[in-house]
Amino acid sequence: MKFFIRRAVFYVITAWAAVTLNFFIPRLLPGDPVQSLLSRYQGNIDVNAVKSLRVLFGLDSQKPLWQQYFDYFGQLFHGDLGISLQSFPTPVSEIIGQSLPWTIGLVGMSTIIAFVLGTLLGIVLGWHRGTKWDALIPLTTFFSSVPYFWIALIAIAVFGVNLGWFPLSGSYSPDVMPGLNMSFIASVCYYSFLPALTIVISSIAGWILGMRNMIVTVSSEDYVTVAQAKGLPESDVMFHYAARNAILPQISGFALSLGFVVSGTLVMEQVFSYQGIGYRLLQATSNNDYPLMQGIFLIITFSVLIANILADIVYALLDPRTRKEA
Amino acid sequence: MAQVAVQATETLKPAVRKHFVFLRNTKSIVGLAIFGFFLVVGLIGPWIAPYSPDKVSTAASEPPSAIHWLGTTQTGQDIFSQLLVGTRGVMVVSISTGIIATFIAAAIGVTSGFLGGMWDEMLSMFTNIFLVIPGLPLIIIIMGMMKEAGVGAIVLIISLTGWAWGARVLRSQTMSLRSRDFVEASRANGETRFRTIFFEILPNLTAILASTFIGTVTASIMSLVTLSYIGVIPPSDWSWGTVLYWAQNSGAFTQGLWWWYAPAGLCVALVGMSLALINFGIDEFVNPRLRNTGMNAAELKKRKIYPRIGFTPVVQKAASKSRLKTVHSSVSNSRLVASERNNDGK
């Protein structure tokens, strides 16, 4: 129980730190970009929206900083992230609500596929070290060393442009009606194939290497030798004795890598013009849509936190020591 | 007398060779060579570039030729020159980021691991927060708000978002070093805390510091290239990412101008590979179990060796005696290193 309380405290503090960071970034940076934007939109923005933007970006310079800080938290707790400037007057939360499912669906799926596939390959590679399987290692290292977007662009150039197998961009065909019908779902799957494939290719190497190294370390433990000496089937020793004990660091690695997954997503959505959260963030950056930028950053951080909490729970379920020690 | 001398040299020999375990590793040699090559290109690149990277010419979208080694862009700029000039930017940013981030990681990680208690709680909480907050979106937002960011700002932001992982690894290693005999001895001798940290702890962290440095350099190359590809970093500074930015924006990928986009990506891949190889070398230096036996897969199979369980196979009967001998000695050597490494701690 103590373990969970400790983790809970950690997550609360991290969430607070993220919000605080979001509060201070626009206030610490030189210049006052929002002020100039506001004056440009003056008259078009309604009074309440202006007030909300003032609270978010610290334009109430007559108020003391601590009061601004409290106002900011108050506004966030009401779910008010301000109003998007580029697609005025849509609230930021609405835009995020529209694009988040796309990102979570695609990236969630491909991350899980990469994790499972990579871990399995890592087990095989670690177990059969010193065989021809070793040839896979330099290959995966290559794919993890290339920038993600480059793989994605080449995939588009080859499978999209030259072979014409997959669409170049977008998240579903313009011909189908969005909704819960078969043709729409099929279209979404078809359009997400290439993005998912490129994410898996570029992220799988980390899982393979991590698992391989753990298997190599674990397979010299006494209990593995004993299992082998007893004459258990090799697959039994491999999966139930070696892999079972080697997988724990993978789980905590999974939690930690989520931040990097998010970064990969940003670029993926840019390359494929996929209407997820990262695409919105980059659009917002190039259009100086500060409220949207801030809101998206906050949401991204919170999603990573939630995913970390889930990974923590899984870890605690798998490894009784974490529950006891703390 | 002569016998003693022979014995002395015999015992000396492995001790001397042990120092070069890292450099005898093929992976790290290849890695260091490739990285060194790019370092040199980064130094002299702008001087040996045949054209100015911005120079527009009438030879538009030309495939590689003797005049333009890697072809030209849509406006007739020489891509080879752009890559040569861009190497310096990538190298300067990544190496200085690596230095700064490793420094922060060492300062925070070692302090928190060494002091323990309240300080440790606070510093590792701080580290974990930085570990969880996604770096790239944060960089994009800060860069988006600072319209004219110079190289210094880029370096600073990337290193501030990239030190946490190293600090975590260094902290746990410091914690395990702290209670070992030689540190206790130094404390009992009345050495100052400063001296204990800098002369007892830090030398034992060299391998981890090196791999932290390499990790942050790799990460910052990726960040830099990605950021300039997205266009968050102003495309006026040439780097490999800038080349890709222009390639993407001019439709090089859809028009099949492969000479425009392929080399820049391969450069990043080569540098990344070289750093990964160096890191493998360090890993294998630290953890001898990860070392291959020095025999290739075919030979192992021929001799029916399946290295699954336990340590490294050592077979006395061999087809080629000399080869086996080297294998055998390197294995026992690595064992020696491993056991010493464990012993000097406990």
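Lettering follows sequence order; numbering is per chain, from 1.
Heavy atoms of B:I140 lying under 4.5 Å from chain A belong to its backbone as well as its side chain. Residue contact with chain B, scored on non-hydrogen atoms closer than 4.5 Å, is absent for A:I215. With a 4.5 Å cut-off on non-hydrogen atoms, B:F130 does not touch chain A at all. Heavy atoms closer than 4.5 Å to chain B are found in the side chain of A:L282, but not in its backbone. If you measure heavy-atom distances from A:L209 to chain B, the contacts under 4.5 Å come from the side chain alone.
Contact of the A:F297 side chain with the B:I133 side chain is registered, since non-hydrogen atoms from C-beta on lie closer than 4.5 Å. Proximity of B:P137 to A:L266: side-chain heavy atoms (C-beta onward) are separated by under 4.5 Å at one or more points. Within the 4.5 Å cutoff, side-chain heavy atoms of B:V132 are placed close to those of A:L305. Contact annotation: the side chain of B:I141 approaches that of A:L281 to within less than 4.5 Å [non-hydrogen atoms, C-beta and beyond].
By the 6.0 Å contact criterion, OH on A:Y241 is open, its count of non-hydrogen atoms from other residues, nucleotides or ligands being 12 or less. Remark: B:F37 CZ is loosely packed, at most 12 non-hydrogen atoms of other residues, nucleotides or ligands lying under 6.0 Å away.
For residues 215-234 of chain B, the ring pair (Phe, Tyr, Trp, His ring centres under 6.0 Å) pairs, not counting sequence neighbours, are A:F149-B:Y229.
No option in B:L266, B:V225, B:T226 other than B:L266 meets the side-chain contact (heavy atoms from CB on, under 4.5 Å) test with A:W150. For the side-chain contact (heavy atoms from CB on, under 4.5 Å) with B:L138, the lone residue among A:I300, A:L21, A:T301 that qualifies is A:L21.
When every heavy atom of B:M125 is checked against every heavy atom of A:I13, the shortest pair comes out as CE-CD1, 3.5 Å. Taking every heavy atom of both residues into account, A:P147 and B:G265 meet most closely at CD-O, 4.3 Å.
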Residue pair B:N128, A:F10: steps toward the side chain to side chain contact (heavy atoms under 4.5 Å, CB included) verdict: CA-CA 9 Å; B:N128 284 336; A:F10 165 67; 3.3 Å; yes
